[in-house]
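Worksheet: one structure, shown below.
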Amino acid sequence: MTEQKAEVRPAGSDFIRDIVRGDLQAKRYPTVVTRFPPEPNGYLHIGHAKSIGLNFGIAQEFGGRCHLRFDDTNPLKEEQEYIDAIERDVHWLGFDWGAHLYHASDYFEQLFEWAEHLIRAGKAYVDDQSADEIRATRGTLTEPGTNSPWRDRPMQENLDLFRRMRAGEFPNGARVLRAKIDMGAGNINLRDPVLYRILHASHPRTGTAWCIYPSYDFAHGQSDAIERITHSICTLEFEDHRPLYDWLLDNLPVPSRPRQYEFARLDLTYTILSKRILTELVRGRHVEGWDDPRMPTLAGLRRRGVPPEALREFVKRIGVAKANSVVDLGVFEFSVREILNKTAMRRMAVLRPLKVVIENYPQAQFEELEALNHPDDPAAGKRRVRFGRELYVERDDFMEHPPKKFYRLAPGREVRLRYAYFITCRDVVKNDNGEVIELRCTYDPATRGGNAPDGRKVQATLHWVSADALTAEIRLYNALFAVAEPNASDFVADLNPASLETLFDARLEPALAGAEIGVPIQFERQGYFCRDPSSAGGKLIFNRTVGLRDSWAKESRRSA
Ligand code: ATP
Ligand code: MG
């Protein structure tokens, strides 16, 4: 792993960056040091991208550094698979921690010593009450808690019991170490919070070396202090923990004094951003896995074709605020479209094919026509597309009895086939059920390339492929949830039954045979698509990254 690049980017502006800027100007710190502290109990999601963009972004903009620190204090829920996925996803997003990869578990010995320090100072005690008893005596928002009967245990006895907890003499749940602060504190986090619990469990990094594990609160601030983090940036739900964060730092001989700042977490419509629920979606097989393209995980978004630049742009666009709010999924899709419109090559693909026979085009003859790879970027070059007597057009682009504003193909109607010719529909062929299965058309040879020498106009330009095109499977993804704000306590009921629609008989122009996995392409008039990793061998499977238009805005206009 290399050191982080020293390149400094222009600094954005929001209340956290303003604090950092002020601190650096006042020379409170020589340099800014931030961290991104995921718990390896699941895959990262788009909410984490906001936190990553903020922490790594600040480090880049102000010439500091950002650490990646695994908050691995609960071995029951944490796995190596998640550790690996998190590292992969942070790199994919475009950020690098350089040599600064840390784990809360790196500090277990130091944290244990600091726990003993609190015990010796009379500020922590071993409590023999069960988890239920502790919960029952914590009080409520309006009533104070009650002191544990073990609260005034002599210091030596606390020290002895705590060491025996570490030595493995007691079963899970038999005892905990608690801070001795104030059972009457208005802030419940200060009512003698648990610092250590007994857990006979193997840890992905420390194995069975430990059978007591620090709580999140006992690990977090001290890890920040050890790493000399200057600004410890987290989401608003930790605001009520800040007094405890400060109390621990005030009462321990820590090497530095970080400060915690809170910002609003990302919440997106039609989406749930909670690792617990995402885990349940995976375990309950409601999705194919953590990288199912419908998941809001970075792995899912990557498989779907979302470029990392779009995620970085999106988190910049939504900004950083102090009050929680819900961001419209359309804002995210806009960011994706904006990047892909610039970068994606154009190709033609017919998702739901309808056969067209050009009656006046010679049998067994083909020709190659030139098509632009990108309309705004001549450097992207051209390719050849094959035209012949038999073609496919999109089923939706034909109507036998068109209503007023339908300008595409209909009996007697002339339209342009992109990069090719004008064609006119002369007749329709139906099957026994009366369904249209073929259009009989004629073409005008004088319109080659798409323009009529006599200047006559057509109202529509359609995409098309030659009948000998490639066959592909296309997966059209819609929102995973059917309602804008899914109910976290009964999320299964809110799942969108139409979140995946699979088309098995799409036809693609031959240039798509070599489409690279993970490189999105615009299928003209349809949207952005990306070849699925499962189709690396022969079969062509494409995922829809995003459609061309904002379907969400349409929805809301309709319901408004
Ligand atoms: P979840 O609620 O999904 O389980 P978490 O907070 O438990 O997330 P962590 O692994 O502890 O997940 O998160 C690492 C960092 O990412 C934390 O600093 C947390 O504040 C931040 N984070 C988590 N979810 C979001 C979100 N939706 N928006 C912004 N930041 C987030
Ligand atoms: Mg957490």
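By convention here, the first residue in the shown sequence is residue 1. Both ligands and their constituent atoms are indexed starting at 1 by order of listing.
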Judging by distance only, is a nitrogen or oxygen of [X] under 3.5 angstrom from one on ligand 1?
{"X": "Ile233", "value": "no"}
{"X": "Arg265", "value": "yes"}
{"X": "Phe238", "value": "no"}
{"X": "Arg276", "value": "no"}

Please work out which of the three classes, parallel, tilted or perpendicular, describes the rings of [Y] and [X], given edges at 30° and 60°.
{"X": "His231", "Y": "Tyr29", "answer": "perpendicular"}
{"X": "Phe238", "Y": "His241", "answer": "perpendicular"}
{"X": "Phe112", "Y": "Tyr196", "answer": "perpendicular"}

With a cut-off of 4.0 Å, which atoms of ligand 1 are near a heavy atom of [X]?
{"X": "His45", "result": "3 (O), 24 (N), 27 (N)"}
{"X": "Ser51", "result": "16 (O), 21 (C), 30 (N)"}
{"X": "Lys275", "result": "1 (P), 3 (O), 4 (O), 8 (O), 9 (P), 10 (O), 12 (O)"}
{"X": "Pro38", "result": "10 (O), 14 (C)"}
{"X": "Phe36", "result": "14 (C), 15 (C), 16 (O)"}

Option with minimal heavy-atom separation from atom 20 (O) of ligand 1, where the choices are Ile86, Asp71, Asn324, Thr235: Thr235
Proximity winner for atom 22 (N) of ligand 1, if only heavy atoms of Glu237, Arg69, His48 are counted: His48
Lys275 NZ/CZ over Tyr43 ring centroid, <6.0 Å and within 45° of normal: no
Geometric cation-pi criterion Arg175 and Phe170, 6.0 Å radius, 45° cone: yes
Arg259 bridged to Asp23 by N-O distance under 4.0 Å: no
Backbone of His200 reached by a side-chain donor or acceptor of Asn172 within 3.5 Å: yes
Given Asp182, Asp192, Asp127, the one that forms salt bridge (Lys or Arg N to Asp or Glu O under 4.0 Å) with Arg151: Asp192
